[in-house]
Amino acid sequence: MNVTRATFDEVMVPNYNPANMVPVRGEGSRVWDQEGNEYIDFAGGIAVNVLGHCHPALVGALTEQGNKLWHLSNVFTNEPALRLAKKLTDATFAERVYFANSGAESNEAALKLARRYALEKFGEDKNEIIAFNQGFHGRTFFTVTVGGQAAYSDGFGPKPGAVLHCDYNDLEAFEKLISEKTCAVMMEPLQGEGGIISPDADFVKGVRELCDKHNALLIFDEVQSGVGRTGQLYAYMGLNVTPDILTTAKSLGGGFPIGAMLTTAEIAAHLKAGTHGSTYGGNPLACAVAEAALDVVNTPEVLNGVVERENLFRELLGEINDKYNVFSEVRGKGLLLGAALNQDYAGRARDFLVAATNEKLMCLVAGANVVRFAPSLIITEEEIRDGMARFERAVANVVNA
Ligand SMILES: *Cc1c(COP(=O)(O)O)cnc(C)c1O
């Protein structure tokens with residue numbers, strides 16, 4: 001059967017607006033479309049393909065597990081899930097793991113756990129959740145309500161209640177909002193979708209202290225920032241602040257759908273048998289791939305390599321900006337970087353993305369003003385230089401149009 005980009009408009013719900021080519025194959029940080037055109041991938045499937053496309057360790061784990069056992073449901077446990085949970089608890093503050101299939105589901109579990117924990121420990125009045133404007137936590141109705149972007153949460157009828165928002169990096173506003181009624185605070189330790197915004201060190205520290213003062217759980221949504229993206233296994237490790245609950249997805253499976261919620265034994269005890277669940281969560285196939293991804297990422301070679309690659313990205317973006325004067329700053333951490341457009345190009349991030357695709361480079365936007373890069377953590381120097389040469393042509397095309 002012959003399918004093309006035009007087929008999308010015939011058979012798909014129009015909630016996405018994909019590029020006008022259809023990728024069919026990938027290897028490392030290169031991808032080929034139906035016409036055989038070769039692309040450099042600076043998008044990484046939105047911070048997912050942490051080891052690029054078809055990494056041999058992931059293909060190996062997938063095929064090995066694929067020939068063994070695919071799925072059981074949580075009526076049974078399985079070896080890959082147990083091994084992955086052990087490795088995640090060994091590598092982090094956490095002592096207990098709940099597996100889901102996506103970031104949103106991991107956050108949904110975190111929010112439900114926080115509500116249940118507060119209810120059982122402090123009573124039903126402690127139910128408020130505080131989150132931050134421009135934050136993003138997924139597209140289920142609870143997570144989109146906690147997320148701080150009205151464009152994503154409005155227009156679907158009544159929302160789950162007791163969710164409050166304030167500005168990120170505004171500790172004073174946060175201090176006014178938090179109270180004995182707060183059960184949890186959900187934040188990204190580096191805002192991704194909201195425009196690649198790093199937290200101030202004082203802000204994160206202050207949020208942690210105020211959570212402790214008011215017996216509120218601190219939930220770090222590391223769905224985008226986790227699994228080596230910032231050069232540390234999880235971003236919290238670079239901030240010297242430990243959350244009570246951490247959610248992880250995207251890079252965790254290296255391209256296979258999986259998510260997880262990590263927490264302490266004491267908090268986890270409140271999600272008793274039967275209180276929450278998922279048919280696929282902790283599926284052996286997903287866990288086997290994630291275990292392989294974690295084994296490769298959580299090594300000094302890969303984690304230390306992130307900083308070198310970040311430096312090269314920043315250097316080359318700086319050179320492009322010296323020539324074309326399009327960015328106000330390059331921000332973010334590790335290989336989650338955002339080039340913020342200056343006044344002259346305000347609101348035009350998508351134009352740069354389309355121009356990049358035309359030059360055979362895949363990249364991302366984060367809002368209307370930021371071009372985002374979230375490539376494989378093992379992208380080669382040659383691939384970075386080749387991709388940036390393409391990006392420079394794209395920038396020139398936008399500037400000279
Ligand atoms: C992508 C993302 C999510 C949602 O993950 P899905 O797998 O799309 O459900 C949640 N939080 C953050 C910070 C994200 O970047």
Side-chain angles (χ1 to χ4, degrees), residues 13 15-16 18 43-50 98-114 129-149 151-153 163 165 168 184-199 204 207 218-230 232-236 239 243 245-262 278 280-283 286-287 289-290 293 331-338 363-367 370 372-375:
V13 169
N15 61 316
Y16 301 117
I46 316 189
V48 166
N49 300 315
V50 70
Y98 167 83
F99 286 118
N101 312 291
S102 66
E105 284 174 84
S106 306
N107 285 333
E108 188 83 19
L111 293 165
K112 284 177 72 179
L113 171 56
I129 291 160
I130 300 179
F132 297 93
N133 294 325
Q134 302 307 123
F136 184 80
H137 302 296
R139 300 284 202 142
T140 66
F141 206 22
F142 198 173
T143 57
V144 90
T145 302
V146 173
Q149 299 188 47
Y152 294 160
S153 60
V163 177
H165 293 95
Y168 199 68
V185 174
M186 181 172 259
M187 70 180 281
E188 296 163 86
L190 194 177
Q191 282 194 334
E193 300 300 316
I196 312 293
I197 314 288
S198 293
V204 199
V207 168
L218 178 57
I219 306 169
F220 272 5
D221 176 348
E222 293 232 26
V223 169
Q224 190 155 169
S225 60
V227 196
R229 190 61 44 202
T230 63
Q232 245 114 7
L233 186 61
Y234 285 98
Y236 84 85
L239 293 168
I245 302 177
L246 180 152
T247 56
T248 175
K250 290 202 167 96
S251 290
L252 182 62
F256 202 100
I258 184 171
M261 174 190 73
L262 315 183
S278 156
Y280 289 115
N283 167 292
C287 290
V289 177
R331 61 199 188 206
K333 191 166 181 216
L335 288 173
L336 185 53
L337 295 172
C363 58
L364 301 163
V365 300
V370 178
R372 172 172 39 157
F373 305 98

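In listed order, ligands and their atoms are each counted from 1.
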What verdict does the side-chain contact (heavy atoms from CB on, under 4.5 Å) test give for Q224 and L190, after you've listed the backbone C-alpha separation in whole Å, the side-chain angles of each residue and the deciding distance to 0.1 Å?
CA-CA 8 Å; Q224 190 155 169; L190 194 177; over 6 Å; no

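Distance alone, capped at 3.5 Å, places no donor-acceptor pair between the R229 side chain and the E222 backbone. Although no hydrogens or angles enter the test, the distance criterion places no donor-acceptor pair under 3.5 Å between the side chain of Y168 and the main chain of M187.
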Without placing hydrogens or testing angles, list every side-chain donor-acceptor pair under 3.5 Å for residues 129-138, not counting sequence neighbours.
unit_1 : atom_1 : unit_2 : atom_2 : d
N133   : ND2    : D167   : OD1    : 2.7
H137   : ND1    : D221   : OD2    : 2.8

Could you tabulate the donor-acceptor pairs under 3.5 Å formed by side-chain atoms of residues 245-252, not counting sequence neighbours?
unit_1 : atom_1 : unit_2 : atom_2 : d
T247   : OG1    : N107   : OD1    : 2.7
T248   : OG1    : Y234   : OH     : 3.0
S251   : OG     : A47    : O      : 2.8

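Here F142 pairs with nothing under the ring-ring contact (aromatic ring centres under 6.0 Å, His included) rule; sequence neighbours left out.
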Nitrogen or oxygen contacts under 3.5 Å, ligand 1 side and protein side:
unit_1   : atom_1 : unit_2 : atom_2 : d
ligand 1 : 7 (O)  : G103   : N      : 2.8
ligand 1 : 9 (O)  : G103   : N      : 3.4
ligand 1 : 9 (O)  : A104   : N      : 2.8
ligand 1 : 11 (N) : F136   : O      : 3.3
ligand 1 : 11 (N) : D221   : OD1    : 3.3
ligand 1 : 11 (N) : D221   : OD2    : 2.7
ligand 1 : 15 (O) : Q224   : NE2    : 2.7
ligand 1 : 15 (O) : K250   : NZ     : 2.6

